[in-house]
Amino acid sequence: MKERVIKLLEKSINSCVEKGLLKEAYIPFIEVEFPREGSHGDYASNIAMVLASSQREAPRKIAERIVGNIDDGDGLLDKVEIAGPGFINFFIKNNVWAVLLKEVDRYGDRYGESNIGNGVKVQVEFVSANPTGPLHIGHARGAVIGDVIANILKTSGFSVSREYYINDAGNQMNMLGESVYYRYLELMGEDIVFPGNCYQGSYITELAHTIREQFGDRFRSDRETAIPFLTRYAADFILEGIKEDLETLGVVFDRYFSEKELYKDDGVSKILQDLQKDGFIYKEADAVWFKTTDFGDEKDRVVIRENGEPTYFAADIAYHLNKYSRGFDKVINVWGADHHGYIPRMQAAIQALGRKKEDLEIVLVQLVNLLRNGVPVPMSTRAGEFVTIREVTDEVGKDAARYNFLMRRSNSHLDFDLELAKAQSSENPVYYVQYAHARISSIMRLAAEQGYPAPGYDEIRPDLLTTAEECELIKLIDKFREMVEGSAKSLEPHRIPYYINDLASVFHSFYNKHKVISDNVELTKARLFLIKSTGTVIKNALRLLGVSAPERM
RNA sequence: GCGCCCAUGGCUCAGCUGGAUAGAGCGUCGGACUACGAAUCCGAAGGUCCUAGGUUCGAAUCCUAGUGGGCGUACCA
């Protein structure tokens, strides 16, 4: 409907120009919005005010000319008003709204899809936690946000791939192997002091147990071969656990990319050599530096240390080059907010590789405070005390966990209260939306029993849907695609929970005021179609969030 | 010190990239089940949008300077 209103404005402005009522000038993008206030109509445009300066005339005068030249051939408009400083307010006839529902009927499960992505290949990289320990609640938020961003982009016509980057090549890995080794020795009854910089979590001891059961004392005296083996064993084991945990959250990757792959065939140093030819690399004080300041970073960064070892950054440059050479037009990284200082150098790197700055987008996810009944749950990664993803999903369930992560803008801190998240009450927004869907399903079931199968658009009289509540509902349904597109463009998944919450609210109001199944056969069919459409949109939206749409609850 | 993020009713948060009288949920108070699911609905109270300037027809939103909180400032990952 919004597009139709925009077209009306466009045509009117063009004919004003032809008639000489407006100067031919640059006509900006015509903005039409949904006014909050009912008295401001169904749609409103500020176009007259925008044109005021270039036309050098009063906004209200311009508005009058535009309104006077609107050609409403389709008979959509009830009235058009000029208000305030020059807003043009459109009031749509009540009986034309339901036409919009035809789209829902036509597309069904695919209603909400668009092609703004135009097939552009985009990679979403997220989680990417070191396989040195189980995932905690902070990773879970990033996992869900990354997953849903991927869903939203896909439904908007992008070609999407989800990737997890495994940092399995640095000395964190050695530390992991050592940690297991020390615990292993402990189990053998050796009197050792467990180093403070090793991983303290109890899962390390459990791993040592497993290894002892499987291999006995084979590694006890041979530290040199033990550590590499234990490192790999532990990393593989932990990574498997991570994958399982992510699966309980409903997050599945297309690819796990190992950092080690980058070092094959001297990959990393070859890339550095290329960059040296381009003049971005120099040597100083026995280390090798990358001139990230050329692209706005505050200082240059080391890529090869004095001891000859490449830094994490060096590998990351190689990794991003690898991404682009695999054909991704655009790369999105979902990072914990504690990595924000890393953004400028990464953006510098891809520019040095000949990419545009916009080809890399970073979504920052703020950290999560885990609470129980409002009281912080103490967590210390170093001491190995934390609540894992598994424990959270086991306790509150996948749907509630995901919804809670998605409700807030990712760039703001999140309080995740375990008791609130699992409460099956009105305090929990997941149920509000799911309840609307279950209620719709229930009505559809009852109607079917009474001889009213779910109707299609062609079987109903849309002009019967004219009450305020019905029009509101249709208006919101019609807004769905635009909302998803906005969410895709801005990479803001939280818009979707807010939208369905609105939709559920309008539906509940409608339900409480009007009866769907009644003696009036035609009206019953029309309303059944309306709630069926509402259910479709809720279901489609929840699918994007990876949250189930139950038929009963 | 420098950089990034945040600051909106008692609490938790939206505010569609500059629009009209700033919105939800929770909590509080008062109402609605002999009708399709009361996990619902209807109503009320509650605001110097951190402060002070600036930009313009118009600012919670943009700019500057402060205040308060979080994070980052490695030849760690």
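Keep in mind that the numbers below use all heavy atoms, side chains included, and drop hydrogens, waters and symmetry copies.
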Between B:C36 and A:Arg527, is there an OP1 or OP2 to side-chain N/O distance shorter than 4.0 Å?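 For B:C36, OP1/OP2 do not have a side-chain N/O of A:Arg527 under 4.0 Å.
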Does a side-chain N or O from A:His508 land closer than 4.0 Å to OP1 or OP2 of B:A39, or not?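 For B:A39, neither OP1 nor OP2 has a side-chain N or O of A:His508 closer than 4.0 Å.
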With a cut-off of under 6.0 Å to the ring centre and 45° to the axis, is A:Lys475 in cation-pi contact with A:Phe34?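 Pair A:Lys475/A:Phe34 does not count as cation-pi.
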Using the rule given for salt bridge (charged side-chain N to carboxylate O under 4.0 Å, His left out), can you reason through A:Glu395 versus A:Arg372, listing the C-alpha separation, both sets of side-chain angles and the distance that settles it, and then say yes or no? CA-CA 12 Å; A:Glu395 186 170 342; A:Arg372 186 179 291 283; 2.8 Å; yes
[N] versus [M] - spacing of their [atom1] atoms, nearest Å:
| N | M | atom1 | value |
| --- | --- | --- | --- |
| B:C75 | B:U48 | P | 48 Å |
| B:A22 | B:G15 | C1' | 8 Å |
| B:U12 | B:U34 | P | 39 Å |
| B:U61 | B:C50 | C1' | 15 Å |
| B:C33 | B:C41 | C1' | 11 Å |

Apply salt bridge (charged side-chain N to carboxylate O under 4.0 Å, His left out) to A:Glu125 and A:Lys323, showing your working. CA-CA 10 Å; A:Glu125 184 217 316; A:Lys323 291 183 183 193; 2.7 Å; yes
Starting at [atom1] of [X] and ending at [atom2] of [N], how long is that distance when rounded to a whole Å?
| X | N | atom1 | atom2 | result |
| --- | --- | --- | --- | --- |
| A:Tyr432 | B:A24 | OH | P | 12 Å |
| A:Trp335 | B:C5 | CH2 | P | 15 Å |
| A:Asn512 | B:G43 | CG | P | 12 Å |

Per-nucleotide protein contact along nucleotides 8-13 of chain B, 5' to 3', at a 4.0 Å heavy-atom cut-off (B base, S sugar-phosphate only, - neither), is ----SS
Go along nucleotides 72-77 of chain B 5' to 3' and tag each nucleotide: B for a protein heavy atom under 4.0 Å from its base, S when only backbone or sugar atoms are that close, - otherwise. SSSBSB
Suppose we call two aromatic rings close when their centres sit under 6.0 Å apart. Are A:Tyr432 and A:Tyr403 close by that rule?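 Between A:Tyr432 and A:Tyr403, the centre distance exceeds or equals 6.0 Å.
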5'-to-3' dot-bracket of RNA chain B (Watson-Crick, G-U; under 3.5 angstrom; crossing pairs as [ ]; | other strand): (((((.(..((((.....[...)))).(((((.......))))).....(((((..]....)))))).)))))....
Salt bridge check, A:Glu3 against A:Arg481: does any charged N sit closer than 4.0 Å to a carboxylate O?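 Salt bridge between A:Arg481 and A:Glu3, a charged N being under 4.0 Å from a carboxylate O: no.
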Using a distance-only criterion (donor-acceptor N/O pair, under 3.5 Å, no hydrogens), is the base of B:A14 paired with the side chain of A:Asn501?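 Absent.
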